[in-house]
Amino acid sequence: MNEALSFVQPTANSAWGTYLSQVDRVVPYLGPLARWVETLKRPKRALIVDVPIEMDNGSIAHFEGYRVQHNLSRGPGKGGIRFHPDVTLEEVMALSAWMTIKTAAVNLPFGGAKGGIRVDPKQLSMKELERVTRRFTSEIGLIIGPHTDIPAPDVNTNGQIMAWMMDTYSMNVGGTATGVVTGKPLHLGGSLGRVKATGRGVFVTGREGARRIGLDLRGARVAVQGFGNVGSVAAELLAEAGAKIGASQDHTGTVRNDKGLDLEKLVPLSRSEGVVGFKDCEVIDNEAFWDVPCDILIPAALEGQVTAERAARTTARLVLEGANGPTVPSADDILAERGVLVVPDVICNAGGVTVSYFEWVQDFSSFFWDEDEINVRLDRIMMNALNNIWDTADKHKITLRTATYAVACERILTARQERGLYP
Ligand code: GLU
């Protein structure tokens with residue numbers, strides 16, 4: 001067989017390649033379950049769809065969409081939908097695989113999936129965005145469903161897009177199916193606390209990471225890359241705990257203020273025009289972001305941002321991976337050698353999917369919890385998962401990332417083995 005033609009072969013410096021090497025690192029800790037590890041190196045199923053829509057000017061545009069179900073051994077597929085012009089099948093494969101690890105790390109009864117459309121939503125009108133969303137949902141309707149695969153928001157998607165997805169799926173099946181997506185608006189079976197859940201989880205795991213390395217959050221200097229739903233919320237919670245947000249970067253550029261950025265003004269502004277519209281700061285070069293003196297670095301944007309070269313430069317003692325796959329394996333090694341603690345994506349940003357799970361449970365029971373209950377349960381689930389991972393890391397003297405993979409892969413591959421191969 002010509003291996004180069006196989007879709008599971010990674011291209012150079014790809015997110016999928018990063019994921020595969022993360023899996024390779026855990027094999028020595030899997031014992032007899034290592035026999036099943038190949039199952040993690042291939043998505044179970046990948047669907048590529050054409051999404052044609054009529055644009056407002058009457059022309060016809062085609063977009064490419066994907067839904068990948070990486071692993072369903074432990075339950076229905078779960079994972080977000082990303083709208084971005086650079087999305088590829090291979091990237092979605094990596095993102096779906098990280099969902100498999102993440103849901104298992106937190107012990108949610110889900111597998112891993114992810115979807116995406118190669119589109120820049122900023123170039124579309126609201127009507128065009130709705131048409132793209134609805135046609136895509138209809139196309140992937142073949143494989144999604146409340147008990148098979150449940151999408152959610154991810155980069156550039158939100159509650160409104162989830163509402164259109166839920167409505168389209170519901171129209172196609174002939175009844176309202178709120179449990180088919182999570183991250184919905186509150187009126188449509190959404191959950192309190194879901195919007196802030198990912199950022200809150202970053203804060204909860206970060207607080208514990210800081211405690212374990214003896215870093216006082218009061219006065220700690222923080223640099224945040226990506227100032228959307230994840231980065232800005234984590235920044236706000238850290239600031240509430242006394243940290244100073246010294247730098248923030250988004251798609252418009254990078255801002256710095258060594259006395260601490262005023263988040264009450266910066267966060268709303270970042271939503272409307274982006275962080276560089278902010279006055280009370282210095283606008284610096286994007287690459288200089290990595291040199292801003294900080295104790296905590298939060299990459300909360302896209303994959304592959306923490307390169308070996310940037311890992312060697314950062315002054316951070318603690319890296320909180322709000323994004324999925326922000327650190328490449330060579331950078332991971334440098335951070336470990338330098339004694340920098342990395343709380344890996346697959347546990348650090350698992351707060352979003354955890355509250356998605358709460359939302360899904362609430363939809364099925366038609367009984368909704370108050371926000372305190374959600375936040376208390378989120379905190380407890382994340383702390384239990386993190387402490388268990390930490391014990392595994394201490395036992396084998398491995399990084400938190402490899403320990404998270406060890407805990408998660410054991411759960412996934414045990415399920416795989418107990419279910420057995422069909423036929
Ligand atoms: N997109 C989020 C993530 O990467 C949430 C997925 C979900 O809630 O299903 O974890």
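First listed ligand is number 1; within each ligand, the first listed atom is number 1. All heavy atoms count here, side chains included; hydrogens, waters and symmetry mates do not.
Listed by chain and number, residues touching ligand 1 at under 4.0 Å (heavy atoms only) are Lys78, Gly79, Gly80, Met99, Lys102, Lys114, Ala152, Pro153, Asp154, Arg194, Asn324, Gly352, Val353, Ser356.
For the atom pair Gln22 CD and Thr404 OG1, the distance stands at 10.0 Å (nearest 0.5 Å). Rounded to the nearest 0.5 Å, atoms OG1 (Thr100) and CZ (Arg411) are 14.0 Å apart.
A search for ring pair (Phe, Tyr, Trp, His ring centres under 6.0 Å) contacts involving Trp16 returns Tyr19, not counting sequence neighbours. Scanning for salt bridge (charged side-chain N to carboxylate O under 4.0 Å, His left out) contacts around Arg200 gives an empty result, with sequence neighbours left out. Applying the salt bridge (charged side-chain N to carboxylate O under 4.0 Å, His left out) test to Arg35 and every residue at least two apart in sequence or in another chain returns nothing.
Aromatic ring orientation, Trp360 versus Phe364: perpendicular (interplanar angle above 60°, classes split at 30° and 60°).
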